[in-house]
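So that the names make sense, note that chain A is the first sequence line, chain B the second, and so on, each numbered from 1.
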Amino acid sequence: MNVEELQQIAAAVEGERAQYEYEVNVCMGTSCLAQHSDRIREAIEKEAAGCGKKCRARRTGCMGPCAAGPMVLVEPAGIRYGHVLETDAKEIAESLGRKPVARLDPQLGSYFEGQHFRVLENVGHIDPENVEEYIARGGYEALVKALTEMTPAQVIEQIAKSGLRGRGGGGYPTGLKWDTVAKVKGAQKYVICNGDEGDPGAFMDRSVLESDPQRVIEGMAIAAYAIGATKGYIYVRAEYPLAVQRLTVAIQQARRRGFLGNGICETTFSFDVDIRLGAGAFVCGEETALIASIEGKRGTPRPRPPYPAVSGLWGAPTLINNVETFANVAPVIRKGGEWFASMGTARSKGTKVFALTGKIERTGLVEVPMGMTLRQIIFGIGGGVPDGHKFKAVQTGGPSGGCLPEEHLDLSISYDALITAGSMMGSGGMIVMDDTSCMVSVARFFMEFCMTESCGKCVPCRAGTVQMYELLTKICQGEATRRDLEKLEELCEVVGATSLCGLGQTAPNPVLSTLRYFRHEYLAHIDEKRCPAGVCEIGDARRLAHDAARTEVHA
Amino acid sequence: MPLTTERPPLPSEDRRWRIVNGTMRKHGYSRNALIETLHTVQSSFGYLDEPSIRFVARSLRVPLSQAYGVATFYHFFSLKPPGKHTCTVCLGTACYIRGSDKLVVEAEKRLHIHPGETTPDGEVSLATVRCVGDCGRAPVVLFDGELSAQMEPARLTARLDAWRKP
């Protein structure tokens, strides 16, 4: 494969497209597909043919505003429809080239204002199971360029220059990581893509893998060339069957086109990728646990150093990056590190994809430049809190992150600013809470999560999360004293400082951040035996509800 | 277990064992294929029982303790046979904020079982999951693996009742 061949493939795709006057793109991400968007696509194609329109209806990946799904995008007019049913197909087909169907307007308001698509640039525009369409949008240009025009050191230099940082949450500089693995000597090296998106309430990686899998494969291949690896693994959650299926197809197509395998692009470089399924363990998002899982063992972390860069999979030097990090690689190589660094803040470059959910008007997948404020995302793109309720907090970083209150809405999104405010970037879950959420209950929810997901290897995490969960339960039930609160704070410090891996070290974060900003809610539960949000059942109410549930469950 | 390098015969004539064996063959009977193979067993048989874990462990020459350790470590693997139908309530953060805890209570009341259990008649299993990634339309419930979004308690009980009708 060389540049000319890529151009030929792109020309063939464009030629095919030119035969049609209209293109109806139907979203087939997990969310829309669950509402039978595949049948909608077939129906539109049939109806359009029936009324003699030169139209093709295509399958595409997630278009973003999942709550308005199933989504349909009509090109070239750029009209979006939401909540489409199979029975709307005829009306959509007839409206092609005429006035849009007004009643199917998804009412997205300012959803797309301020969004900037880099990682998601192909999403909604290509068929994820068609490598040729990816090539037609500039796909694999970067791999060919890297292999034929650049040395591995030059590739790493561009990545370092771009200022790209790990999108899995930690924010470690990607260029530095690549450089470290490249410099370690080893006959066999590995590249691993971390797609174990365990953070509940986040679905960025799922969407990228489902909508544009080739981009992740291309990023991995470039990384492999840069560090000198020949084998890669993509670790995906088993809870994401559609992502696994699309990836499987994508890998087969990439092999057939010669982007994976031996002697890629007529060079001596060889690289191949396999999928490994997760099996429902949050701790496997931690790199050493993930490596253990790929080796077929229990996913328990081990102390670092040695870091995987030195001793990773089967003891070989291993590079691990997140799905979104790999998805950022190809454009950096294509357009240069300086282009990438031109967007964002001083120390956080480029864009970040967020899964905007919770009590918010327009939920979905959004991609914004680093440095945008929380207010712009939540109230501009997301449209604020629905049903006349009041904004209370926004949770970022999942079980390792924290809840930020209204005073922090004007915070600019960057790795460092979020940590200073007591939360973290995380992988990109952004969950909005309104006045009906009790912050103590939310902290308890996350602690319950960490308690069940703790792998049990180190004592502070295994025992500490249980104790913290029980103290939080006591507070929620209105049975705690001020002494319990002190104990909770002590435990937060001990578990955070002494746990083996990230799971335990960050498990106290949701408690610490809610204590920092919503201490009055904790005190209301303890001193006044009252839940300000009216969520916790305290005193008589709790006893009654508890008794009723017991009789009913065991009746 | 006798010390032997020979692979054990398939436990029975059941064709599903050939699918399991196929997965192991694809990975060259490598020890690393343990999790992949257990995935195949679970998708073929619905759960992992003792004979299947023993068979996989012997075939891959993995200590039985390690195979059992892996099977019990990961939440995705189940050691109990599932009911005819499975109702899985998502307990991800977005679903929780939108009230999935109430859905679990509702299902418990209707089925008289807790998550992880199956009704005595073997009809319905109740399960919970940590996020299926359809957070945009929370709360989400899977009925026999099929996604139903923006779920309400009344709709949930109606679906459960429909399963239990003779």
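When heavy atoms are compared at a cutoff of 4.5 Å, A/C284 approaches chain B solely by way of its side chain, counted from C-beta outward. For chain B, the nearby part of A/V432 is the backbone; its heavy atoms alone come within less than 4.5 Å. Of the atoms belonging to A/T436, not a single heavy atom falls under 4.5 Å from chain B. Residue A/E210: no heavy atom, backbone or side chain, is found under 4.5 Å from chain B. Contacts of B/V129 with chain A are made by side-chain atoms alone, with heavy-atom separations under 4.5 Å and no backbone atom involved. Neither the backbone nor the side chain of A/A243 comes within less than 4.5 Å of any heavy atom in chain B. Only the backbone of A/I294 comes within contact range of chain B, judged by heavy atoms closer than 4.5 Å. For chain B, the nearby part of A/I360 is the backbone; its heavy atoms alone come within less than 4.5 Å. Residue contact with chain B, scored on non-hydrogen atoms closer than 4.5 Å, involves the backbone and the side chain of A/A67 alike. Contact annotation for A/L242: neither backbone nor side-chain heavy atoms come within less than 4.5 Å of a heavy atom of chain B.
The choice from B/E146, B/R98, B/Q66 that makes the most heavy-atom pairs within less than 4.5 Å of chain A is B/R98. Counting heavy-atom pairs under 4.5 Å between each of A/G364, A/G358, A/A281 and chain B puts A/G358 at the top. For the set A/F445, A/F203, A/Y240, the entry with the most heavy-atom pairs within less than 4.5 Å of chain B is A/F445. Here B/G133 is the residue among B/A94, B/G92, B/G133 with the most heavy-atom pairs under 4.5 Å with chain A. Among A/M204, A/E197, A/Q395, A/E453, the residue making the largest number of heavy-atom pairs under 4.5 Å with chain B is A/E453.
Using a 4.5 Å cut-off between non-hydrogen atoms, no part of residues 8-16 of chain B approaches chain A.
Distance check, rounded to the nearest 0.5 Å: CZ of B/R130 to CZ of A/R237 gives 10.5 Å. Here CG of B/L34 is found 10.0 Å from OG of A/S293. Values are rounded to the nearest 0.5 Å. For the atom pair B/L38 CG and A/L277 CG, the distance stands at 12.0 Å (nearest 0.5 Å). In this structure, CD on B/E36 lies 4.5 Å from CZ on A/R276, to the nearest 0.5 angstrom. Between atom CZ of residue A/F282 and atom SG of residue B/C131 there is a gap of 11.0 Å, rounded to the nearest 0.5 Å. Within the model, atoms OG1 of A/T452 and CG of B/L91 stand 9.5 Å from one another, a figure rounded to the nearest 0.5 Å.
Of all non-hydrogen atoms in A/P200 and B/T93, the two that sit nearest each other are O-OG1, 2.9 Å. B/G136 and A/T357 make their closest contact through N-CG2, 4.0 Å (heavy atoms, listed as atom of the first residue, atom of the second, distance). The two atoms that bring B/F76 and A/G280 nearest to each other are CB-N, 4.1 Å, heavy atoms only.
Residues A/V442 and B/I97 form a side-chain contact, since some pair of their non-hydrogen atoms from C-beta on lies under 4.5 Å apart. Counting heavy atoms from C-beta outward, B/C135 and A/T363 have side chains that stay 4.5 Å or more apart.
A search for ring pair (Phe, Tyr, Trp, His ring centres under 6.0 Å) contacts involving A/Y190 returns A/W314, not counting sequence neighbours.
Between the side chain of A/R298 and the main chain of B/F73, no donor-acceptor pair closer than 3.5 Å is present. A distance-only check finds a donor-acceptor pair linking the side chain of B/R137 to the backbone of A/S31 [under 3.5 Å]. Between the side chain of B/Y74 and the backbone N or O of A/G299 there is at least one donor-acceptor pair closer than 3.5 Å.
Taking a 6.0 Å sphere around CZ of B/F45, one finds it holds more than 12 heavy atoms contributed by other residues, nucleotides or ligands. In A/K231, the NZ atom is crowded: over 12 heavy atoms of neighbouring residues, nucleotides or ligands sit closer than 6.0 Å.
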